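The structure appears below as structure tokens.
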Amino acid sequence: MGFKEHVIRVVKQIPQGKVTTYGTVATLAGMPRGGRLVGGILHFCTESNDLPWQRIINREGFISTKCLEHPKQAQKALLASEGIEVSDDFTVDLNKYGWFGEKI
DNA sequence: AAGGTGACTAACA
DNA sequence: ATGTTAGCCACCT
């Protein structure tokens, strides 16, 4: 089992209507500086494992997706469908919607 | 098979 | 205070 499984497990624990950061997921998965891996893993395994990739954003609350296959607008729509307000700049208020895994 | 890249973060200068 | 460097592991070429 690699880091991937840990990340998947953590991501699946994110409550609906909340968002978290790559750093948080990496930390909960046991790698404080594995943020990059989180992004990479989500990029490859998001649909294979049915992960809510839209709930993961960078530490600034900004949607970092630069892949055309995972467009920001799609992520924004998904977040909006969960009741999360996303700014026109694709930014989410972490102080309001941020989740830091206190319930794990 | 080996090397490079990646949706990031934190620590150091 | 800001700018730069280092680090993480899995997937792709």
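For clarity, every value in this text was computed on a predicted model and none was experimentally measured. Numbered from 1 within each chain, the chains take letters A, B, ... in sequence-line order.
A donor-acceptor pair is defined here as one N or O able to donate and one able to accept, closer than 3.5 Å; no such pair exists between the side chain of A/Thr91 and the backbone of A/Gly61. In this structure, A/Arg55 contributes its side chain and A/Ile14 its backbone to a donor-acceptor pair below 3.5 Å. No donor-acceptor distance shorter than 3.5 angstrom exists from the side chain of A/Asn49 to the backbone of A/Leu51, with no hydrogens or angles considered.
Protein atom CZ of A/Phe44 is 12 Å distant from nucleotide atom C1' of B/dG4, rounded to whole Å. As rounded to whole Å, 16 Å separates atom C1' of B/dA7 from atom CZ of A/Arg59. Whole-Å rounding puts the A/Lys66 NZ to B/dA7 C1' distance at 8 Å. Look at CH2 on A/Trp53: it is 13 Å from P on B/dC8, rounded to the nearest Å. Separating the NZ atom of A/Lys4 from the C1' atom of C/dA10 is a distance of 9 Å, rounded to the nearest angstrom. Across the protein-nucleic acid pair, A/His43 atom NE2 and C/dC11 atom C1' stand 9 Å apart, rounded to whole Å. Atom CD of A/Glu69 is separated from atom P of B/dG6 by 14 Å (rounded to the nearest Å). Rounded to a whole Å, the CE atom of A/Met31 is 15 Å from the C1' atom of B/dA10.
Residue A/Arg33 is in base contact, counting any heavy-atom pair closer than 4.0 Å across all strands shown. Within 4.0 Å of A/Gly2, counting heavy atoms only, lie sugar-phosphate atoms of the nucleic acid but no base atom. As judged by a 4.0 angstrom heavy-atom cut-off over every strand, A/Tyr22 is placed among the base-contacting residues.
Checking C/dC9, B/dA7, C/dC11 against every side-chain atom of A/Leu37, the shortest atom distance belongs to C/dC9. The side chain of A/Phe3 approaches C/dA10 more closely than any other nucleotide in the set C/dC8, C/dA10, B/dA7.
Taking OG1 of A/Thr24 as the reference point, atom CZ of A/Arg59 lies at 10.5 Å (rounded to 0.5 Å). Rounding to the nearest 0.5 Å places NZ of A/Lys76 at 12.5 Å from CD1 of A/Ile84.
Along DNA chain C, the nucleotide closest to A/Arg36 and the one closest to A/Ile41 are compared, and the more 5′ of them pairs with A/Arg36.
Between C/dG3 and B/dA7, the two P atoms lie 23 Å apart (nearest whole Å).
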